[in-house]
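Heavy-atom basis, side chains included; hydrogens, waters and symmetry copies ignored.
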Amino acid sequence: MPEGDTVYRAAKNLDAVLHGQTLTASDFRVPAFATVDLSGEVIDDVIARGKHLLHHIGDLTLHTHLKMEGSWHVYRHGTKWKRPAYQARVVLETADWVAVGFDLGIVELVARDADDSVVSYLGPDLLGPDWDAARALANLESDPAREVGLALLDQRVLAGVGNVYRNELCFLRGVLPTRPVDEVENRPKMIDLAHRLIQANKDRVDRTTTGNLRGTTDWVYGRAGKPCLRCGTKILRGELGESELELRDTYWCPHCQS
């Protein structure tokens, strides 16, 4: 599932070409909204909230979520799409551009003044203008016995952390993903680091947590069996999730993390 910085860039790219533009056609390829036609409506803006995308169109908000396979592309008219048409879930056309949402995990239209109905449950947005570190910390500490790796991935705690950042944060703070929150030392630093990392990467296509833009860009994520960049110990891999259906890969150094 894309990290918050990926969704932030998607919103930025969409807004760059759709902001203030009038729709000449719309095509919602999901049963609930198949008959909706937004032609003639103006797209006021496209914004990200955590991992959610909100297109503000007239009196409505188009709410989408990429989930695991989704993506938004922007094309000039007549340009061949990079993904097959059968994967398209939303097509928005203006005089100059065609924006296509492929394999979107969530597609819904809500009243413009009801944005909160779809994103109010989110914790503070790491890339939002209203980022609130104190509230994020309070959310993190609200369940002290919970594994920190689960808490970091919970969008109700703070919005924007995905599995890459979860693993990298735990490594950089020297804790196992399975360590209970109340046993994590200096939890404010964990929150601050999450904010600084995602802010540093928000405008880069190639994310890095090591500081390298070439070569090895992650400390532990996806590096099972390879030597730790700090101590040389073999990186291990496991799984962690709220349930069997939500298991996600975890990576850690058994020497640098405890």
Side-chain angles (χ1 to χ4, degrees), residues 1-8 48-53 63-71 103-108 116-128 131-195 197-198 207 209 218-224 235-254 257-258:
M1 187 177 295
E3 312 278 320
D5 51 5
T6 301
V7 179
Y8 170 89
R49 284 290 308 276
K51 299 183 183 183
H52 300 252
L53 283 162
H63 168 228
T64 64
H65 195 296
L66 304 182
K67 295 293 185 179
M68 294 298 293
E69 305 295 335
S71 62
D103 275 347
L104 301 171
I106 294 175
V107 176
E108 60 181 337
D116 282 349
S117 68
V118 293
V119 294
S120 61
Y121 74 94
L122 295 174
D125 185 349
L126 285 159
L127 291 173
W131 164 246
D132 187 338
R135 186 159 69 91
L137 178 62
N139 291 346
L140 179 69
E141 295 178 335
S142 65
D143 188 352
R146 192 182 193 187
E147 293 97 328
V148 67
L150 293 180
L152 288 172
L153 211 57
D154 187 342
Q155 301 304 293
R156 297 169 299 181
V157 173
L158 69 169
V161 171
N163 202 32
V164 176
Y165 281 122
R166 166 174 73 171
N167 283 281
E168 296 296 285
L169 284 167
C170 286
F171 173 80
L172 288 167
R173 294 302 303 152
V175 299
L176 292 170
T178 52
R179 178 181 284 198
V181 168
D182 65 349
E183 294 181 14
V184 175
E185 295 182 1
N186 207 330
R187 292 181 289 276
K189 282 193 174 182
M190 176 76 84
I191 297 296
D192 178 66
L193 182 58
H195 188 233
L197 275 180
I198 201 167
R207 179 187 303 114
T209 58
D218 296 315
W219 291 99
V220 292
Y221 183 81
R223 301 192 64 246
I235 298 298
L236 302 181
R237 184 185 73 84
E239 292 182 323
L240 183 65
E242 301 285 0
S243 68
E244 289 291 325
L245 297 177
E246 298 175 304
L247 291 174
R248 305 287 297 279
D249 288 340
T250 53
Y251 302 90
W252 72 92
C253 171
Q257 294 168 259
S258 60

Only one of Trp252, Phe171, Tyr251 forms a ring-ring contact (aromatic ring centres under 6.0 Å, His included) with Trp219, so which one is it?
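Of the listed options, the one satisfying the test is Phe171.
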Below 4.5 Å, heavy atoms only, C-beta onward: do [X] and [Y] meet side chain to side chain?
| X | Y | result |
| --- | --- | --- |
| Leu152 | Pro177 | no |
| Val220 | Glu168 | yes |
| Glu246 | Leu153 | no |
| Leu158 | Leu140 | no |
| Leu247 | Leu240 | no |
| Asp249 | Glu239 | yes |

Would you say [X]'s side chain and [Y]'s backbone share a donor-acceptor pair under 3.5 angstrom?
| X | Y | result |
| --- | --- | --- |
| Gln155 | Gly123 | no |
| Asp154 | Leu150 | no |
| Asp182 | Ala145 | no |
| Lys51 | Val161 | yes |

What do you reckon, is CD of Glu242 surrounded by more than 12 foreign heavy atoms closer than 6.0 Å?
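Result for CD/Glu242: enclosed.
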More than 12 heavy atoms of other groups within 6.0 Å of Glu244 CD
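Atom CD in Glu244 is not packed in, count stays at 12 or less.
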If you look at every heavy atom in [X] and [Y], which pair is closest and at what distance?
| X | Y | value |
| --- | --- | --- |
| Arg207 | Asp5 | NH2-OD1, 2.9 Å |
| Pro2 | Leu66 | CG-CD1, 3.8 Å |
| Gly162 | Glu3 | N-OE1, 2.8 Å |
| Met190 | Arg173 | SD-CG, 3.6 Å |

Enumerate the residue pairs fulfilling salt bridge (charged side-chain N to carboxylate O under 4.0 Å, His left out) with a member in residues 131-145, sequence neighbours excluded, ordered by first and then second residue.
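Sorted pair list: Glu141-Arg187.
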At what distance, to the nearest 0.5 angstrom, does CG of Asn167 lie from CD1 of Ile235?
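Asn167 atom CG to Ile235 atom CD1 measures 10.0 Å (nearest 0.5 Å).
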Parallel, tilted or perpendicular: which describes the rings of His52 and Tyr121, with under 30° parallel and over 60° perpendicular?
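The arrangement is perpendicular - the two ring planes meet at more than 60°.
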Partner of Leu169 under side-chain contact (heavy atoms from CB on, under 4.5 Å), chosen from Val164, Ile191, Leu197, Val175
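The option that passes is Leu197.
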Pairwise ring pair (Phe, Tyr, Trp, His ring centres under 6.0 Å) hits with a residue in residues 141-170, at least two apart:
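The answer is none; no pair qualifies.
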If we ignore angles and hydrogens, is there a donor and acceptor under 3.5 Å between the side chains of Arg179 and Ser258?
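Per modelled atom types, Arg179 and Ser258 side chains form a pair under 3.5 Å.
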Checking side chain to side chain contact (heavy atoms under 4.5 Å, CB included) for the pair Cys170/Thr250: CA distance, chi angles, key distance, verdict?
CA-CA 10 Å; Cys170 286; Thr250 53; over 6 Å; no
Criterion side chain to side chain contact (heavy atoms under 4.5 Å, CB included) on Arg49 and Val118, from CA distance to verdict
CA-CA 10 Å; Arg49 284 290 308 276; Val118 293; over 6 Å; no
